[in-house]
Structures are given as structure tokens and as C-alpha cells.
Undergrad: 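Sharing a structure here in C-alpha cells format.
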Amino acid sequence: MTLMSIIACRIFEDEIVHLIKNDSQITRILVVDSLDAAGILRKLSENAIDHTVCSPNKIEDLIHSEQDTNYCLLVNILGFSLDASPQLLKESVYKEISIISEYADTILIFYGLCGNVLGNLNRDFAHLSCPVHILREEDGEIIDDCIGASLGGRKPYLRALKEAGGEGVYFLTPMGAAFWKEMAVIARLTNDPENTAMTKIVFDHAGYKNVGKINTGLVYEESFDAKVEEFAQAFDFRIVDMQGTVKIAEQSYQRAKDSITKKRADFNET
């Protein structure tokens, strides 16, 4: 049995569902049971994608029960709240890697640098026989964050900021828009998700006047348009439509899959 493990921030739910829908080689999908997995579980069900919810202490038994020819995907979704503490985020991601590396053939981390706490991921886990991957641009550089991933990398990210003409832009992906109030708290814009007046004071002081609506082409969050409108009205922002992409997610996923083949080829040569 071949096992790829995905450890991901919840913000990437839609990209992961997209990858699963478009990979016909997957024979079984396991999702680690947690409150933060509720969203992706709903989307898998809505798209008629067969999956198994497993408690963390049952993962090993489920993996060992798989046939040798199966390609299994294990998805572990981590909560938004980790973004508020870079050190806690690093500790949580590193802990999950250490646990699942005992069983996985490859691991893909759906995070970026995130305050540079994950910048040394490959060096720190170089001792593992299981390759560990993180979201990267075409040139091999680790992406900055989820916005960089959705826009296609650092260059389009900087271009979007430049095109705003010096005015602040708050970017929203479909998932970011669905949970914009919660994200405002995590970003420490306010202590109360319903206190938009306080958030507006922060935005005004920082010079934000636009909301960048990033259309990734994924439609798993049906309220995207309405949520962006709600956000724009709450803070009197101008909506700027931006073309998003899923290519970084797709390319990173393919690299992780390819590493399994390389790993086995290297093993056969020894």
C-alpha cells in the first residue's frame, strides 16, 4: 500500500478537495477526525467522494488493513487558530510529521513560510526516510502564505499589491471570505469577531481601502460572492476582482507523488 499524508491548514480545504476529485489513482481517502475537519468532510460528501473518518489512534490499524496495491490518501486538517501563534503552528506541524512519518511514503504540508517558522522544514526532517514536501513555487521557493499560493506565487502577489497604487488591499479567497470574521480575530485586528467597528478603525489606520477578491475557479464555497460583498460593505472597501489559480497546489501535489516513485527506484537500486 502506498500512503500519502497531507497535513494542511483549513484554509486549503477547497484545493485539497479539488486534488482528490482529479486524481483517479486514489483508492481510499482517510480523514483524521477533528472539529477542524468538519468543512472538508462536508465538501467531500457534497461531491459524492467516498471517504473514511478515522480517529488518530485508529490510523495505524486502518493503514495496515489496506491492500498492497492501494494508493491511500490521509488528510489531517489543522485549525485556523494556529496562525495566531507561529511557534505553536510549527510545533503542531512538526508533531504531526513525526507521528505519520512512521507510516507514510510521502508527506505534503499545505502551508507556506508562515512567518518563516516552516522555512527549515526539509533540513529539520532530512533524517526521515519519508520525503516531506511543502507548497513551493515553480522556481522551488517556498510560498509565503495562502494568499501567495492562491495568486500563483510571489511575483503575482507583489504585482497585485503594486496595481493597488499604494492603497492597502485585504485579500480574500473563497475560504478566507467564508470565515473573514474569525480570521480578523486570528490576525489580531479585533478581539470580538462581531466588533467590525474596531476592525474598521485598524483598517483605516493602516490605509486599507480595497478587498482583493481572489477567484481560484473552485466553487466549494457557494457564498463567496455574498461574503465578499458583506466584507466590502462592512468596511466601505472597493472590491477588486483578481484571477487566482490552483497551480501551486497541483504542482506541489504532483511533486510529492513523484517522490514516491523516485524513493522506490532508489530503494531498488540498493
Undergrad: For the backbone of Met198 and the side chain of Asn195, can you confirm whether one donor and one acceptor N or O come within less than 3.5 Å of each other?
TA: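 Yes: the side chain of Asn195 pairs with the backbone of Met198.
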
Undergrad: Hey, which of Ile6, Ile134, Leu78 is the one that makes side chain to side chain contact (heavy atoms under 4.5 Å, CB included) with Ile109?
TA: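 When side chain to side chain contact (heavy atoms under 4.5 Å, CB included) is applied between Ile109 and each of Ile6, Ile134, Leu78, only Ile134 qualifies.
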
Undergrad: Can you confirm whether more than 12 heavy atoms, excluding those of Asp50, are under 6.0 Å from its CG atom?
TA: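 12 or below, so no.
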
Undergrad: Would Lys257 and Asp23 pass as an ion pair if we require N to O under 4.0 Å?
TA: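 Salt bridge between Lys257 and Asp23, a charged N being under 4.0 Å from a carboxylate O: yes.
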
Undergrad: Taking the six-membered ring for Trp, is the centroid-to-centroid distance between Phe171 and Tyr157 below 6.0 Å?
TA: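 Yes, the ring centres sit under 6.0 Å apart.
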
Undergrad: Among Leu172, Ile147, Asp241, Val240, whose side chain to side chain contact (heavy atoms under 4.5 Å, CB included) with Ile214 holds?
TA: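 Between Ile214 and the candidates, side chain to side chain contact (heavy atoms under 4.5 Å, CB included) is satisfied uniquely by Ile147.
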
Undergrad: Under the criterion salt bridge (Lys or Arg N to Asp or Glu O under 4.0 Å), I'd like the reasoning laid out for Arg136 against Glu141: C-alpha separation, chi angles, the key distance, then a yes or no.
TA: CA-CA 5 Å; Arg136 293 182 181 272; Glu141 292 294 318; over 6 Å; no

Undergrad: Indicate whether any N or O donor in one side chain lies under 3.5 Å from an N or O acceptor in the other, for Asn70 and Arg28.
TA: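 Absent: no donor and acceptor within the cut-off.
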
Undergrad: Does NZ or CZ of Lys213 fall inside the cone over Phe224's six-membered ring, less than 6.0 Å from its centre and within 45° of the axis?
TA: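 Judged by the rule, Lys213 and Phe224 form a cation-pi pair.
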
Undergrad: Looking at OG1 of Thr216 and CD of Glu15, how far apart are the two atoms once the value is rounded to the nearest 0.5 Å?
TA: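 Nearest 0.5 Å value for the OG1-CD distance: 5.5 Å.
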
Undergrad: Quick one: which residue pairs count as a side chain to side chain donor-acceptor pair (under 3.5 Å) with a foot in residues 73-82, not counting sequence neighbours?
TA: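 Checked against side chain to side chain donor-acceptor pair (under 3.5 Å) - neighbours excluded - the pairs reaching residues 73-82 are Asn76-Glu96.
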
Undergrad: Going through the checks in order, is the side chain to side chain contact (heavy atoms under 4.5 Å, CB included) test met by Met242 and Val169?
TA: CA-CA 11 Å; Met242 297 182 175; Val169 182; 4.0 Å; yes

Undergrad: Could you tell me if the ring centre of Tyr170 sits under 6.0 Å from that of Phe235?
TA: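 No, too far apart.
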
Undergrad: Within the 3.5 Å criterion, strictly below it, is a donor on Asn22 or His18 matched to an acceptor on the partner's side chain?
TA: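 The answer is yes; a qualifying pair exists.
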
Undergrad: Would you please say whether a donor-acceptor pair under 3.5 Å links the side chains of Asn47 and Tyr220?
TA: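 Short answer, no.
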
Undergrad: Quick one: pull up CD1 in Ile59 and CD in Glu102 and give me the separation to the nearest 0.5 Å.
TA: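 Result: 11.5 Å between the selected atoms.
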
Undergrad: Is a salt bridge present between Glu91 and Lys95, judged by a nitrogen-to-oxygen distance below 4.0 Å?
TA: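 Salt bridge between Glu91 and Lys95, a charged N being under 4.0 Å from a carboxylate O: no.
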
Undergrad: If only atom types and distance count, is the side chain of Asp105 paired as donor or acceptor with the main-chain N or O of Leu3 below 3.5 Å?
TA: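 Yes, Asp105 side chain to Leu3 backbone: donor-acceptor pair under 3.5 Å.
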
Undergrad: Using atom types as modelled and distance alone, determine if a side-chain donor or acceptor of Ser223 lies under 3.5 Å from a backbone N or O of Ala226.
TA: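 Side chain of Ser223 to backbone of Ala226, a donor-acceptor pair under 3.5 Å: no, none is there.
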
Undergrad: Got a salt bridge between Glu46 and Lys43, using NZ or NE/NH1/NH2 to carboxylate O under 4.0 Å?
TA: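 Not counted as a salt bridge, because no side-chain N and carboxylate O are separated by less than 4.0 Å.
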
Undergrad: Do Ser252 and Arg255 have a side chain donor and acceptor closer than 3.5 Å?
TA: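 Ser252 vs Arg255: donor-acceptor pair found between side chains.
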
Undergrad: CG/Asn120 to CG/Leu113 distance, rounded to the nearest 0.5 angstrom?
TA: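 Going from the CG atom of Asn120 to the CG atom of Leu113 covers 9.5 Å.
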
Undergrad: To the nearest 0.5 Å, tell me how far Leu19 CG sits from Met4 CE.
TA: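 Rounded to the nearest 0.5 Å, the CG-CE separation comes to 9.0 Å.
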
Undergrad: Salt bridge or not between Lys247 and Glu250? Use side-chain N to carboxylate O under 4.0 Å.
TA: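 Answer for the salt bridge query: no.
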
Undergrad: Determine, for Phe203 and Lys200, whether the Lys NZ or Arg CZ falls below 6.0 Å from the six-membered ring centre while staying within 45 degrees of the axis.
TA: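 Judged by the rule (NZ or CZ under 6.0 Å from the ring centre, within 45° of its axis), Lys200 is not positioned above Phe203.
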
Undergrad: Without swapping roles, check the side chain of Ser34 against the backbone of Ala37 for a donor-acceptor pair under 3.5 Å.
TA: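 Here the side-chain-to-backbone pair exists.
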
Undergrad: Output yes when a side-chain donor or acceptor of Arg188 lies under 3.5 Å from a complementary backbone atom of Ala84, and no otherwise.
TA: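 Indeed, once roles are kept as given, a pair shorter than 3.5 Å links the two residues.
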
Undergrad: Within this structure, what is the CG-CG distance for the pair Leu62 and Leu74, rounded to the nearest 0.5 Å?
TA: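 One gets 9.5 Å once the value is rounded to the nearest 0.5 Å.
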
Undergrad: Between Leu73 and Leu30, does the side chain to side chain contact (heavy atoms under 4.5 Å, CB included) criterion hold? Intermediate values first, please.
TA: CA-CA 6 Å; Leu73 186 68; Leu30 303 175; over 6 Å; no

Undergrad: How many angstroms lie between CZ in Phe237 and OH in Tyr208, if you round to the nearest 0.5 Å?
TA: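 The OH atom of Tyr208 is 8.5 Å from CZ of Phe237, to the nearest 0.5 Å.
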
Undergrad: For Asn210, does its backbone N or O pair with a side-chain atom of Glu167 as donor and acceptor, under 3.5 Å?
TA: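 It does not hold such a pair.
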
Undergrad: Is a side-chain N or O of Thr27 found less than 3.5 angstrom from the main chain of Tyr71, in a donor-acceptor match?
TA: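 Pair found, side chain donor or acceptor close to backbone of Tyr71.
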
Undergrad: Given side chain to side chain contact (heavy atoms under 4.5 Å, CB included), test Leu108 with Tyr253 step by step and report yes or no.
TA: CA-CA 7 Å; Leu108 175 57; Tyr253 179 74; 4.2 Å; yes

Undergrad: Distance only, no hydrogens: is a donor on one side chain within 3.5 Å (strictly under) of an acceptor on the other, for His133 and Ser259?
TA: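 Yes, a side-chain donor-acceptor pair sits under 3.5 Å.
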
